[in-house]
Undergrad: 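Take a look at this one; I'll ask things after.
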Amino acid sequence: MEVEQEFLLLSARKLRELNGRIMVCLEKLSEDQVWLRGGENENAIGNLCQHLAGNVSQWIGHGVAGLEDSRTRDLEFSARGGRSREELKALLTGTVEEAAEIIAKVKPEALMHERRIQNYDVTVLSAIYHVVEHFAQHTGQIIIATKALTGEDLGFYPHLNPEKTQPPPPGSLP
């Protein structure tokens, strides 16, 4: 497989994997915990989910595929509720699935095409890389917040626990 095609498939797979981890977190939280803020300078998990959906939609849907850009970034952060946990799960999963399909269909020769996204001049490759990196950063925040709120090990790496002899989950990446 060519490096370009591997990059595209890995990017789509990684977005799905990270989204799956966020879904595990949302399942463990109450509706109140999803929208809990420790202070005005902090974002609730619900805000981060909305923000990720907006970012992915803008950068991949609009920037890479040319779909309409309907993002209102400020509303992602100003919300103090409004979407249920199930609505957030559907929003984020639907957005990630659409983006993963778009990424998987990108032709390798298009990776160096220029795009203007959010007032940045970027290549398709750098737009995809940005989205995966950005998604990973906020997934980490959601995982840390979920662990703090629940006190639970979320079980993402059971194969690294010497007391358990389970293989890595299918499709998981290091």
Side-chain angles (χ1 to χ4, degrees), residues 8-105 117-118 127-128 130-159 164 166 168-173:
L8 292 165
L9 294 175
L10 176 64
S11 297
R13 193 168 85 220
K14 190 66 175 176
L15 278 177
R16 286 179 169 128
E17 177 189 359
L18 293 167
N19 184 65
R21 290 183 178 181
I22 293 172
M23 295 305 113
V24 168
C25 291
L26 289 172
E27 278 299 314
K28 294 187 176 292
L29 300 170
S30 69
E31 297 288 340
D32 289 338
Q33 288 173 318
V34 167
W35 290 103
L36 183 67
R37 289 174 177 244
E40 276 307 302
N41 292 323
E42 294 181 17
N43 291 308
I45 290 169
N47 296 108
L48 293 173
C49 290
Q50 292 182 145
H51 173 61
L52 286 170
N55 177 269
V56 171
S57 176
Q58 185 177 49
W59 282 76
I60 302 299
H62 172 69
V64 173
L67 303 175
E68 182 181 345
D69 183 7
S70 59
R71 184 180 188 194
T72 309
R73 188 177 186 277
D74 291 345
L75 293 179
E76 297 161 13
F77 297 107
S78 63
R80 299 297 190 268
R83 280 194 169 112
S84 71
R85 186 178 61 163
E86 292 304 313
E87 289 170 323
L88 290 168
K89 287 168 56 179
L91 171 69
L92 193 55
T93 297
T95 303
V96 166
E97 284 304 314
E98 180 180 52
E101 289 174 18
I102 290 168
I103 291 168
K105 291 177 184 173
I117 308 170
Q118 217 179 51
I128 294 168
H130 160 75
V131 165
V132 175
E133 171 265 339
H134 180 256
F135 206 98
Q137 285 183 15
H138 287 307
T139 300
Q141 289 179 303
I142 292 168
I143 289 169
I144 288 170
T146 301
K147 286 180 174 184
L149 289 167
T150 65
E152 291 183 38
D153 173 5
L154 301 177
F156 295 134
Y157 300 100
H159 60 287
K164 299 177 182 174
Q166 297 177 346
S172 66
L173 302 170

Undergrad: Out of curiosity, Phe135 CZ to Leu48 CG, how far, rounded to the nearest 0.5 Å?
TA: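 Rounded to the nearest 0.5 Å, the CZ-CG separation comes to 10.5 Å.
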Undergrad: For Asn55, which residues count as a side chain to side chain donor-acceptor pair (under 3.5 Å) partner, sequence neighbours excluded?
TA: His130, His134
Undergrad: Using the side chain to side chain donor-acceptor pair (under 3.5 Å) rule, collect all pairs that involve residues 61-70, keeping only residues at least two apart or in two chains.
TA: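 Of all non-adjacent pairs touching residues 61-70, those that pass side chain to side chain donor-acceptor pair (under 3.5 Å) are Gln58-Asp69.
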Undergrad: Side chains of Leu52 and Ile22, heavy atoms from C-beta outward: is any pair under 4.5 Å?
TA: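 Yes. Closest side-chain heavy atoms under 4.5 Å.
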Undergrad: Determine whether Cys49 and Leu26 make a side-chain contact, defined as any pair of heavy atoms from C-beta on separated by less than 4.5 Å.
TA: yes
Undergrad: Can you tell me if Glu133 and Gln137 form a side-chain donor-acceptor pair at under 3.5 Å?
TA: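 Indeed, the side chains of Glu133 and Gln137 share at least one donor-acceptor pair under 3.5 Å.
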Undergrad: Indicate yes or no: at least one non-hydrogen side-chain atom of Cys25 is less than 4.5 angstrom from one of Ile45.
TA: no
Undergrad: Leu92 and Ala53: which non-hydrogen atoms are nearest, and at how many Å?
TA: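 Minimum heavy-atom contact is CD1-N, 3.7 Å.
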Undergrad: Regarding Arg73 and Glu76, does a basic nitrogen lie under 4.0 Å from an acidic carboxylate oxygen?
TA: no
Undergrad: Does a side-chain N-to-carboxylate-O contact under 4.0 Å join Glu17 and Arg21?
TA: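 Looking at Glu17 and Arg21, the cut-off is met.
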Undergrad: Are any of the side-chain heavy atoms of Trp35 and Leu88 separated by less than 4.5 Å?
TA: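 SC-SC contact between Trp35 and Leu88 confirmed.
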Undergrad: Donor-acceptor check, side chain of Gln118 to backbone of Trp59, threshold 3.5 angstrom: yes or no?
TA: no
Undergrad: Are the side chains of His51 and Asn47 in contact, using a 4.5 Å heavy-atom criterion?
TA: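 They are not in side-chain contact.
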Undergrad: Can you tell whether the side chains of Glu152 and Lys28 come within less than 4.0 Å, N to carboxylate O?
TA: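 Here Glu152 pairs with Lys28 in a salt bridge, since their nearest N and O are under 4.0 Å apart.
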Undergrad: Filter on salt bridge (charged side-chain N to carboxylate O under 4.0 Å, His left out), then keep only pairs touching residues 34-60, sequence neighbours left out; what's left?
TA: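 Sorted result for residues 34-60: Glu40-Arg80.
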